[in-house]
Amino acid sequence: MDNDEKTAIDVDGVSKIFGSGPDAVHALDDVSVAIRENEFFTLLGPSGCGKTTLLRLIAGFDHPTAGHIRLHGENIAHLPPYKRPVNTVFQNYALFPHMTVAQNIGFGLEMLGKPKREVAASVDEMLSLVQMRDLANRQTSQISGGQQQRVALARALAPHPKVLLLDEPLSALDLKLRKEMQIELKRLQSETGITFIFVTHDQEEALTMSNRIAVMSAGKILQIGTPREVYDHPAERFVADFIGETNFLTATLQDVEGSTATVTLPSGKPARASLPSGTHPDAGRQVSIVIRPEHVTLALPSHETSLTGRLEDIVYFGTDTHYRLRLADDTLFIARMQNRRDGEAAFDPGAEVGIVLADGAVQVLRD
Amino acid sequence: MADRPFAIKRQPGFATIALICFVMLYAPIITLVVYSFNAGSSIAIWEGFSLRWYAAAWENELVQDAAIRSLVVAVCASLFATTLATMAALGTTRTRPYRGLTATYAMINQPLMVPEIVTAVALLIVFAVFKQTTGYDGLGLLILAHTAFCIPFAYLPIRARLEGMNLSLETAAADLYATPWMTFRRVTLPLMWPGILAGAMLAFVISLDDVVITEFVKSAGQETLPTYMLGQLRRVITPEINAISTALLAISILMVTIFFFLNRKKM
């Protein structure tokens, strides 16, 4: 797949400052990221992290204070939005209320000066793609939220943009519809082969849909990687904390070998740990480590258990059960184990329990 | 009943006060309309039904002349005022907030706060100098004066409409390859149209019944319907005045009704 390696959008050293003087807000601070062709790329972060600002800069609704944005190698940072082959699906859909569904979808092609017949054919194709043929002549106020979402998608896809930008498009839908649209979006992306840049604050959405994720905080990109990389090997505390539930502990580095190391856990026992990529910390240093709750199992304390703690309480979640443990140094540790058919786990609150770490469970953070 | 939410309708005396208000508002108007059909020449003693005062008004050349002038002034002034108000509304809602925006609002709405008599006197002085230096004393001056005080009335509904309109619609149009001009023509203008119509009709009605400013500004022989009526009152009052007033009332009601239906269709 050579094609996959080509860069569609190249964001290069982009900063965006709103206002000036002491009130200036640094919405983006020297952000660089290369988004590949035909990729489902997600910008993930809490509100105010700069993800929507970055999207608006790519769309052309705002212009960067510094840096370049290239589309297939051409600098587009100075172009107005109507000259960029990039379309947006807005959070509130922004459908034109005085036009029908079909007129909405055809608007972009019409503005590009395509002949009427071509516009009609394209609208037809888009209506089938999003399964809205029957509603072509409805007013946009007469269709449901989920249908409006589809129209917004079809409208943005109709001019065949090089890149499709999606600004939290699913946040207004209820859970069931959101799950459906997640699958729908993935299907549309693979059918059209268009690069999708998706903005969300929902980590689960990001994990299930993306080829790669950029985790953002306070105007910076903290980590870029596949869903598995950012989930299993978070490089920073913020990433580990924002994506999924996790346990933070302090450990001491022992032997460093390439991308792994041996660390001494708070219990004094050793464990293998992965190092963040590109770092070569010195042995003997204190480091922060993370252990995902589902990467451990509970057992009776023995020489095989790496940590021990007092079981404080047990919360049953249907598919799995969460165990809250208090370690010897008073930190809280959460373990999550899948429920099986063969009865309940044999631990009671108040008991001393041992924690067994799975292979690769320990990740060292970049401090 | 303590747990029932506060409802003004259930307060003692509410119905009575409401009724009194409506009677005060409409009883004089109803009386006026009724006596416009009086067969006799009194505006207080009923002598039977007749359309003679409508016929009299219709055939009265002075009324015809004043009515045509009123319509010309009202149509021109509302057109100009609406155009200017539309631009002002775009300028105050479709830009990034800037220093002096509130001051701009206040300036545009100034004619609503300043007593009309002050504006009238000011215009009288300015126009007197203008007439003397240029020799022009045509209807243009009256139209100009009406345009000026109609702007805020046209501006308010247009601005309200624009403020209720999501800015992201225009952003979406730009995203879909519409140039700023096409965005305005295909998205902004069609969506603000009901506001523009409302503004124009309001301006039209306000111009049509203005007395104070017209009385001060008009040149000799430039009677409008309201100033003609005012002049008549100084002589003998006949139901002809009632008939003209009723016609004006009918025009206003017609305008409001047309606007209501136009607006409802657009929504």
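We use all heavy atoms of the structure for the numbers below, so side chains are in, but hydrogens, waters and symmetry mates are not. Chain letters run A, B, ... following the sequence lines, proteins first, then strands; residues in each count from 1.
Residues from residues 52-70 of chain A that place a non-hydrogen atom less than 4.5 Å from a non-hydrogen atom of chain B comprise A/A59, A/F61, A/D62, given in numerical order. For residues 126-138 of chain A, a heavy-atom distance under 4.5 Å to chain B picks out no residue at all.
Only the backbone of A/L95 comes within contact range of chain B, with at least one heavy atom under 4.5 Å from a heavy atom of that chain. Looking at A/E110, only its side chain comes within 4.5 Å of chain B, counting heavy atoms on both sides. In this structure, the portions of A/R155 lying under 4.5 Å from any heavy atom of chain B include both its backbone and its side chain. Contacts of A/F90 with chain B are made by side-chain atoms alone, with heavy-atom separations under 4.5 Å and no backbone atom involved.
In B/F80, the CZ atom is not crowded: 12 or fewer heavy atoms of neighbouring residues, nucleotides or ligands sit closer than 6.0 Å. The neighbour count for B/M24 CE, taken as heavy atoms of other residues, nucleotides or ligands under 6.0 Å away, does not exceed 12. The neighbour count for A/K186 NZ, taken as heavy atoms of other residues, nucleotides or ligands under 6.0 Å away, is above 12. Counting non-hydrogen atoms of other residues, nucleotides and ligands closer than 6.0 Å to OH of B/Y26 gives a total of 12 or fewer. The environment of B/R94 atom CZ is dense: over 12 non-hydrogen atoms of other residues, nucleotides or ligands sit within 6.0 angstrom.
Between B/S168 and A/Y93 there is no side-chain heavy-atom pair separated by less than 4.5 Å. In this structure the side chain of B/L191 never reaches within 4.5 angstrom of the side chain of A/F96, judged on heavy atoms. Side-chain contact check for A/F107 versus B/R186: some heavy-atom pair is nearer than 4.5 Å.
In this structure, A/P97 and B/L169 approach most closely via the heavy-atom pair CD-CD1, 3.8 Å. Here the closest non-hydrogen pair linking A/M111 and B/Y177 is CB-O, 3.6 Å.
Judged by distance alone, with hydrogens and angles left aside, the side-chain atoms of A/N87 form a donor-acceptor pair with the main-chain N or O of B/D175 at under 3.5 Å.
Of the listed residues (A/S141, A/A158, A/G108, A/A156), the one with the most heavy-atom contacts under 4.5 Å to chain B is A/G108.
When each of B/L176, B/T183, B/T179 is paired with A/Y82, the side-chain contact (heavy atoms from CB on, under 4.5 Å) condition holds for B/T179 and for no other.
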